Amino acid sequence: MEKQLKKELYNLCDPYRISYPIDVNINIDEFYDDHTLLRGFNWAEKLFDHIDFGEGDTFQLFTGYSGSGKTTELKRVQKMAEDENYLVVYINSDDYIDMNSEVGISDIYNSIIYSTVIEVNKLDDIGAVFTDEGYFERLKNFMKSEVNISEVNIQDVVLEMKGTPTLRQQVRQHIEDNFSKYQKDIKQDLAKLNEKVKNKGKTGILIILDSLEKNKGITSNYDEVIKASEVIFSNRDNLSMPLDIIYTVPTYLSERVRLNHIDFLPAIKVKDKNGDPYEKGLEALRMLVSSRVSEDNQKEIFGDDYKNQVDKIIKFSGGYVRELLEILRMAIIQKNYPVKSEIVDKLIQNEKNSFKELVNSDIVKELKEVHEKKEISHISDISIKDQLLTNHLILRYRNSDLWFDLHPALEEFTK
C-alpha cells in the first residue's frame with residue numbers, strides 16, 4: 001500500500017475529529033429497517049425534536065464518552081435545524097475556554113454572546129447593535145476603567161482570556177460581582193438577536209455549545225473543576241436563554257446533576273448482558289469500519305483473515321467507537337502487510353495495559369460489582385463513579401433498558 005493511501009486511511013480513523021461526509025451521512029441509529037435502535041434512541045432526532053416542538057427557549061444537556069460520536073450527532077442536529085431555516089451558531093468552546101481550569105459561567109456567556117454576534121452579522125443587512133447598557137458595553141467599560149485598557153477590542157478580549165489567567169480572573173470576578181446585571185444583559189441581547197434573525201425570515205437561533213465535556217481539569221485541581229462545573233449546570237436560570245441551546249457537559253455530571261436532565265450518548269451494544277455476541281451491533285460497526293477502510297483495503301492490511309481480525313478489534317472495543325478506531329489506525333501504520341493476528345493481539349494488549357494503569361485497589365471491588373449487576377447505582381462514593389465514567393473504565397449501554405458493563409480491557413478484574 002502506498003504511503004499516501006496509508007496516511008489517508010490513518011486520518012480517516014482519527015476518533016477525535018469528525019470525518020465529512022462519512023460520519024454525518026452514516027446514521028448508526030437508523031441502520032436497520034426494522035427500527036432496531038442500537039443506542040436506545042435516534043439521538044439527533046431526539047435532540048432536535050425537543051427544539052422543533054418547543055417554544056423557542058429550550059436548553060438541553062448532552063454528554064458521552066470522548067470519541068463516542070457526540071459531535072457527529074450534533075452536526076446532524078445542525079443540519080436538521082438548518083433544513084428548518086434556523087440560524088445555527090456552532091461553538092467549539094475549546095476555542096474560548098481553558099479546559100484544564102475551573103470554568104465560570106462568565107466564560108460560557110462570553111463565548112455564547114461573542115459567537116452569536118459573529119454569526120448574526122453574517123446575515124445581510126443585520127448589524128449586532130446593542131444598547132449602551134448591553135452586555136458588551138458593560139464589559140468594555142469595565143476593561144477601560146478597571147483594567148486600564150483605553151481601546152477595547154472585545155474580540156481580542158474574549159479570545160485572549162483563554163490563555164491569560166490573570167485577565168480571565170479579572171473579567172470573571174467582575175461579572176460574578178455584578179452577575180444579575182450581566183445575566184439580564186446577555187438574555188436581553190440574545191433576545192434582540194433572535195428577533196432580528198426572525199425578522200429576516202429565519203425560524204430562530206439555535207446555539208450548539210460543543211466540547212465542554214473536555215473540562216476535566218488536571219490532577220492538582222480536579223475536585224475544584226468538578227465542583228465549579230456542577231454549580232453551573234445544576235442551575236436552570238444559568239442555562240436557559242431566550243432561544244434554543246444545546247450544551248455538551250462532562251460525563252461526570254451525569255451522576256452529579258439531578259435537577260436538570262442530561263442525555264448520555266451510550267456505546268453500541270456488541271454483546272448482550274449475558275456476554276453473548278450481539279450480531280446487529282457487530283454488523284453496524286463493521287459498516288462503520290468499511291466506511292473508512294474499504295473491504296479491499298482491509299484485506300490488504302490484514303490478509304485473507306481480515307474479517308476475523310476486524311471483528312476481534314470491534315469486540316474488544318465494547319462498542320466504544322474511539323477504542324475501535326484507535327486500534328484500527330495503529331494497525332494501518334504497521335510497516336509490514338498483511339498485519340498478522342499476533343500483531344493485532346499485541347495492539348489490543350497495549351490498550352489493555354493503558355486501561356489497567358488506571359485501576360487501583362480502591363475500585364477493584366466496584367468493577368466486579370458493575371460487571372455482575374450491570375448497574376452503578378450501588379456505588380455510593382461519587383468520586384469513584386466520576387473516575388469510572390471519565391476514564392471509560394465502564395461503558396454505558398441503552399437499548400430497551402439502561403445498563404453498564406466494564407470495558408473489555410478489564411475482563412481480568414471480573415474473576
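Predicted model, so just to flag it, every value in this text is computed and none were measured.
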(message) Let's go through I246 and I51 carefully: what are the C-alpha distance in whole Å and the side-chain angles of both, what is the deciding distance for side-chain contact (heavy atoms from CB on, under 4.5 Å) to 0.1 Å, and is it a yes or a no?
(response) CA-CA 9 Å; I246 300 173; I51 296 162; 4.0 Å; yes
(message) Please check this pair: side chain of S229 against backbone of I226, looking for a donor-acceptor N/O pair closer than 3.5 Å.
(response) no
(message) Evaluate E195 against K192 for salt bridge (Lys or Arg N to Asp or Glu O under 4.0 Å), listing each step before the verdict.
(response) CA-CA 5 Å; E195 193 59 33; K192 291 174 184 176; over 6 Å; no
(message) Give me the atom names and distance for the closest heavy-atom approach of C13 to I332.
(response) SG-CD1, 3.9 Å
(message) I want to check something: taking the side chain as every heavy atom from C-beta on, are I105 and N235 in contact at a cut-off of under 4.5 Å?
(response) no
(message) As an exercise, state the distance from NE2 of H50 to CG of D244, rounded to the nearest 0.5 Å.
(response) 8.5 Å
(message) Counting C-beta onward and ignoring hydrogens, is there a side-chain heavy-atom pair between K187 and Q183 closer than 4.5 Å?
(response) yes
(message) Can you confirm whether K374 is buried at NZ, in the sense that more than 12 heavy atoms of other residues, nucleotides or ligands lie under 6.0 Å from that atom?
(response) yes
(message) Nearest 0.5 Å, please: how far is CG in N297 from CD in E300?
(response) 6.0 Å
(message) Between K202 and N199 (side chain of the first, backbone of the second, donor and acceptor by atom type, cut-off under 3.5 Å), is there such a pair?
(response) no
(message) Side chains of E102 and N221 only: does a donor on one sit below 3.5 Å from an acceptor on the other?
(response) no
(request) Can you see which heavy atom on V249 is nearest to which on E213, and at what distance? (result) O-CB, 3.2 Å
(message) Measuring from atom CG of L393 to atom CG of L406, what distance do you get when rounded to the nearest 0.5 angstrom?
(response) 8.5 Å
(request) Return yes if a side-chain donor-acceptor contact under 3.5 Å exists between N353 and E357, otherwise no. (result) no
(request) Only pairs at least two apart or in different chains count here, so list each side chain to side chain donor-acceptor pair (under 3.5 Å) that has a residue in residues 250-259. (result) E230-R256, E255-R258, E255-K385, R256-D386
(message) We want to know whether D305 and Q309 form a side-chain donor-acceptor pair, criterion being a heavy-atom distance below 3.5 angstrom.
(response) yes
(request) Answer yes or no: is there a side-chain heavy-atom contact under 4.5 Å between F48 and Y86? (result) yes
(message) Under 4.0 Å between a side-chain nitrogen and a carboxylate oxygen: does that hold for E412 and K352?
(response) no
(message) Distance alone, cut at 3.5 Å: any donor-acceptor contact between the side chains of Q349 and D345?
(response) no
(message) Tell me whether D94 is salt-bridged to K214, with the criterion being a basic N under 4.0 Å from an acidic carboxylate O.
(response) yes
(message) Can you give me the closest heavy-atom contact between R76 and A44, atom names plus distance?
(response) CB-CB, 3.5 Å
(message) A side-chain contact here means heavy atoms from C-beta on lying under 4.5 Å apart; do V120 and I205 qualify?
(response) yes
(message) Check this for me, if you would: do D263 and K70 make a salt bridge, where the nitrogen-to-carboxylate-oxygen distance has to be below 4.0 angstrom?
(response) no
(request) Check for a donor-acceptor pair, side chain of N399 on one end and backbone N or O of G40 on the other, with a separation under 3.5 Å. (result) no
(request) State plainly whether the residues D185 and K181 are in salt-bridge range, i.e. N to O under 4.0 Å. (result) no
(request) Considering only NZ, NE, NH1 and NH2 on the basic side and carboxylate oxygens on the acidic side, decide whether E73 and R39 come within less than 4.0 Å. (result) yes
(message) Taking the ring of F264 and the ring of Y65, is the distance between their centroids below 6.0 Å?
(response) yes
(message) Given 3.5 Å as the limit, does a donor-acceptor pair link the side chain of N194 with the main chain of L190, or not?
(response) no
(request) Give me the one residue out of L74, I208, T58, L265 that meets side chain to side chain contact (heavy atoms under 4.5 Å, CB included) with L47. (result) L74
(request) Start with the C-alpha distance between V310 and V293, add both sets of side-chain angles, then the distance that settles side-chain contact (heavy atoms from CB on, under 4.5 Å), and finish with yes or no. (result) CA-CA 11 Å; V310 169; V293 183; over 6 Å; no
(request) Please confirm whether K6 makes a cation-pi placement over Y337, using NZ or CZ under 6.0 Å from the six-membered ring centre and within 45° of the ring normal. (result) yes
(message) Rounded to the nearest 0.5 Å, what separates atom CD1 in I394 from atom NE2 in H392?
(response) 11.0 Å
(message) How close do S317 and L395 get, counting heavy atoms only, and between which atoms?
(response) O-CD1, 3.9 Å
(request) Report yes or no: does N274 contribute a side-chain atom to a donor-acceptor pair with the main-chain N or O of D276 at less than 3.5 Å? (result) no
(request) Could you tell me the separation between the CD atom of E372 and the CG atom of D405, rounded to the nearest 0.5 Å? (result) 11.0 Å
(message) Among residues at least two apart in sequence or on other chains, which ones pass side chain to side chain donor-acceptor pair (under 3.5 Å) with D210?
(response) T71, Y90
(request) Could you tell me whether Y109 and Y182 have their ring centroids closer than 6.0 angstrom? (result) no
(message) Tell me whether D107 contacts the main-chain N or O of I97 through its side chain, where contact means a donor paired with an acceptor under 3.5 Å.
(response) no
(request) Determine, step by step, whether L209 and S111 satisfy the side-chain contact (heavy atoms from CB on, under 4.5 Å) criterion, reporting the C-alpha distance in whole Å, the side-chain angles of both residues, the deciding distance to 0.1 Å, and the verdict. (result) CA-CA 9 Å; L209 190 60; S111 63; 4.0 Å; yes
(request) Please determine if D401 and K273 form a salt bridge, counting it only when a charged side-chain N lies under 4.0 Å from a carboxylate O. (result) yes
(request) Please examine the side chains of Y135 and I175, heavy atoms only from C-beta on, and report whether any two atoms are closer than 4.5 Å. (result) yes
(message) Could you tell me if N92 and S211 have a donor-acceptor pair between their side chains, going purely by distance under 3.5 Å?
(response) yes
(message) Could you check whether any side-chain N or O of N215 sits under 3.5 Å from a backbone N or O of S101, counting only pairs where one atom can act as donor and the other as acceptor?
(response) yes
(request) May I ask you to decide if P15's main-chain N or O and R322's side chain share a donor-acceptor pair within less than 3.5 Å? (result) no
(request) Check whether any side-chain heavy atom of L243 lies under 4.5 Å from a side-chain heavy atom of L193, and answer yes or no. (result) no
(request) For the residue pair H407 and F316, categorise the inter-ring angle as parallel (less than 30°), tilted (30 to 60°) or perpendicular (more than 60°). (result) perpendicular
(message) Between K346 and E342, is the salt bridge (Lys or Arg N to Asp or Glu O under 4.0 Å) condition met? List the steps.
(response) CA-CA 6 Å; K346 186 177 291 187; E342 307 90 83; over 6 Å; no
(message) Measuring only between side-chain heavy atoms, which start at C-beta, is R396 closer than 4.5 Å to F404?
(response) yes
(request) Keeping the roles fixed (side chain from Y114, backbone from V158), state whether a donor-acceptor pair exists under 3.5 Å. (result) no
(request) With rounding to the nearest 0.5 Å, note down the distance linking CD1 in I333 to OH in Y10. (result) 5.0 Å
(request) Report the C-alpha distance between I313 and F302 in whole Å, list the side-chain angles of each, state the deciding distance to 0.1 Å, and finish with yes or no for side-chain contact (heavy atoms from CB on, under 4.5 Å). (result) CA-CA 12 Å; I313 297 171; F302 296 105; 4.1 Å; yes
(request) Mark yes or no for whether S354, through its side chain, and N350, through its backbone, hold a donor-acceptor pair below 3.5 Å. (result) yes
(message) Salt bridge check, E283 against R286: does any charged N sit closer than 4.0 Å to a carboxylate O?
(response) no
(message) One thing to verify: whether K299 and E295 come together as a salt bridge, which I'm taking to mean a side-chain N less than 4.0 angstrom from a carboxylate O.
(response) no
(message) For F62 together with H261, are the ring centres under 6.0 Å from each other?
(response) no
(request) Check whether any side-chain heavy atom of K196 lies under 4.5 Å from a side-chain heavy atom of L123, and answer yes or no. (result) no
